[in-house]
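Just so it is clear, the values below take in all heavy atoms, side chains as well, and ignore hydrogens, waters and symmetry mates. The model shown is predicted, which means the values in this text are computed figures rather than measured ones.
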Amino acid sequence: MEQNQCSHHKQGHAECIRSVPIFNHLEGSQMDLIAKSAKTLHLHKGEILFRAGEEDDALYIINSGKVRIYHLSDSGKEQLVRILNPGDFTGELAIFQSGSIHGNYAEALQNTSICLIQREDLQKYLVEYPQISLKLLSEVTIRLMDSEKQTTQVAIENVEVRIISFLAENVEKGNDNSPTVTLPMSKKDLASYLGTTPETISRKFTTLEERGLIKQLPKKKIKIMDLNQLLLHTK
């Protein structure tokens, strides 16, 4: 039984490594080698993966489930940073800096399985496979750009424009001009992410629906009636 469970974990680690952009460009044997260093964490919905102030010494890869990363201000106000889905990861900054601490909190939004790789193991792989460093730097750059964009939007754009921009950014490539968007988070988290309140989010969605620009559907789905027309309201 224990042998089967161990084999199952190893297989899960391999799938986890292969799902991540910073690793999946490597050869299969190289990814399998990295997978051997991984450990598995299982979190129940609502469990905390890490807290601000705790040591940041590992890379966390979401294998299944969903995790939200959020920041708490001095006044206790919560600000959503991002939502992690399968294949996403966090903790990349710890790879390059020993003794670093987490600045945010990470909470499982549902039952979640996570692959964990310690800093020491990752640093060894960075030396052996330098292309991983380039992929990591690319990912960090993208996240910094997203963070700057989010900060700018909250500072200078009204809530309606922020909502429309968010919907447009979550339209899957290849869809037509009347796509259906599945919100990647709850309205509460969306409000935190966009720097407003859940009540304002609900009110703005209702206003956009009354104008015939969107239709709210079950299971967090939003039908955009005419994407080009909707985007005109961001001008």
Could you give me the CA-CA distance, side-chain angles and deciding distance for Thr206 and Glu210, then say whether side chain to side chain contact (heavy atoms under 4.5 Å, CB included) is met? CA-CA 6 Å; Thr206 299; Glu210 289 173 346; 3.7 Å; yes
Distance, nearest 0.5 Å, that separates [atom1] of [X] from [atom2] of [Y]:
| X | Y | atom1 | atom2 | result |
| --- | --- | --- | --- | --- |
| Leu116 | Leu49 | CG | CG | 8.0 Å |
| Asn104 | Leu80 | CG | CG | 10.0 Å |
| Phe89 | Cys16 | CZ | SG | 11.5 Å |
| Ile117 | Leu59 | CD1 | CG | 6.0 Å |
| Thr207 | His233 | OG1 | NE2 | 11.0 Å |
| Asn228 | Asn177 | CG | CG | 4.0 Å |

With [X], which residues qualify under side chain to side chain contact (heavy atoms under 4.5 Å, CB included), at least two apart?
| X | answer |
| --- | --- |
| Gln110 | Lys66, Thr112 |
| Ser113 | Thr40, His42, Asn63, Ser64 |
| Gln30 | Leu26, Glu27, Tyr129 |
| Thr180 | Leu217, Lys221, Lys223 |

Does Asn170 use its side chain to pair, donor to acceptor, with the backbone of Leu167 at less than 3.5 Å?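 Such a contact is absent between Asn170 side chain and Leu167 backbone.
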Sidechain-backbone polar pair: Ser178 side chain, Asp226 backbone, donor-acceptor under 3.5 Å: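 The answer is no, because no donor-acceptor pair under 3.5 Å joins these two groups.
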Considering only heavy atoms from C-beta outward, does the side chain of [X] approach that of [Y] to under 4.5 Å?
| X | Y | result |
| --- | --- | --- |
| Val67 | Ile69 | yes |
| Tyr193 | Val81 | no |
| Arg18 | Asp32 | yes |
| Ile61 | Ile114 | no |
| His71 | Glu78 | no |

Phe50: partners by ring pair (Phe, Tyr, Trp, His ring centres under 6.0 Å), with sequence neighbours left out: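 Once residues adjacent in sequence are excluded, the partners of Phe50 under the ring pair (Phe, Tyr, Trp, His ring centres under 6.0 Å) criterion are Tyr60, His102.
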Which residues share a ring pair (Phe, Tyr, Trp, His ring centres under 6.0 Å) with Phe205, sequence neighbours left out: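 Partners of Phe205 under the ring pair (Phe, Tyr, Trp, His ring centres under 6.0 Å) test: none.
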Can you pull out every salt bridge (charged side-chain N to carboxylate O under 4.0 Å, His left out) where at least one residue sits in [range]? Sequence neighbours excluded, please.
| range | result |
| --- | --- |
| residues 93-102 | none |
| residues 48-58 | none |
| residues 105-123 | Arg68-Glu107 |

Minimum heavy-atom separation for [X] and [Y], please, with both atom names.
| X | Y | value |
| --- | --- | --- |
| Gly87 | Ser19 | CA-OG, 3.6 Å |
| Lys45 | Leu109 | CG-O, 3.3 Å |
| Gly65 | Pro86 | O-CD, 3.2 Å |

Please list, chain by chain and in numerical order, all residues satisfying side-chain hydrogen bond (donor to acceptor under 3.5 Å, both in side chains) with Lys187, sequence neighbours excluded.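 If we apply the side-chain hydrogen bond (donor to acceptor under 3.5 Å, both in side chains) test to Lys187, skipping adjacent residues, the hits are Gln216.
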Verdict with reasoning, Leu213 to Gln229, per side chain to side chain contact (heavy atoms under 4.5 Å, CB included): CA-CA 7 Å; Leu213 295 170; Gln229 191 66 31; 3.9 Å; yes
Distance-only check: which donor-acceptor pairs under 3.5 Å involve side-chain atoms of residues 194-202, not counting sequence neighbours?
unit_1 : atom_1 : unit_2 : atom_2 : d
Thr197 : OG1    : Thr200 : N      : 3.1
Thr197 : OG1    : Thr200 : OG1    : 2.8
Thr200 : OG1    : Arg203 : NH2    : 3.4
Ser202 : OG     : Pro198 : O      : 3.2

Salt-bridged, Asp189 to Arg82, with N to O below 4.0 Å?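 Salt bridge: no.
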Working note: Ile164 + Leu208, criterion side chain to side chain contact (heavy atoms under 4.5 Å, CB included); need CA distance, chi angles, decisive distance, verdict. CA-CA 9 Å; Ile164 293 173; Leu208 292 172; 4.2 Å; yes
Which is it for Phe23 and Ile34 under the side chain to side chain contact (heavy atoms under 4.5 Å, CB included) test, yes or no, and what are the steps along the way? CA-CA 9 Å; Phe23 296 129; Ile34 294 174; 3.7 Å; yes
Same cluster (ILVMFWY, side-chain, under 4.5 Å), Ile222 and Met225: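 Ile222 does not cluster with Met225.
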Taking atom NZ of Lys39 as the centre, does the number of heavy atoms from other residues, nucleotides or ligands within less than 6.0 Å exceed 12?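 Result for NZ/Lys39: open.
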Checking one residue: Ile48. Which other hydrophobic residues are in its cluster under the side-chain 4.5 Å linking rule?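 Joined to Ile48, directly or through intermediates: Tyr70, Leu72, Tyr105.
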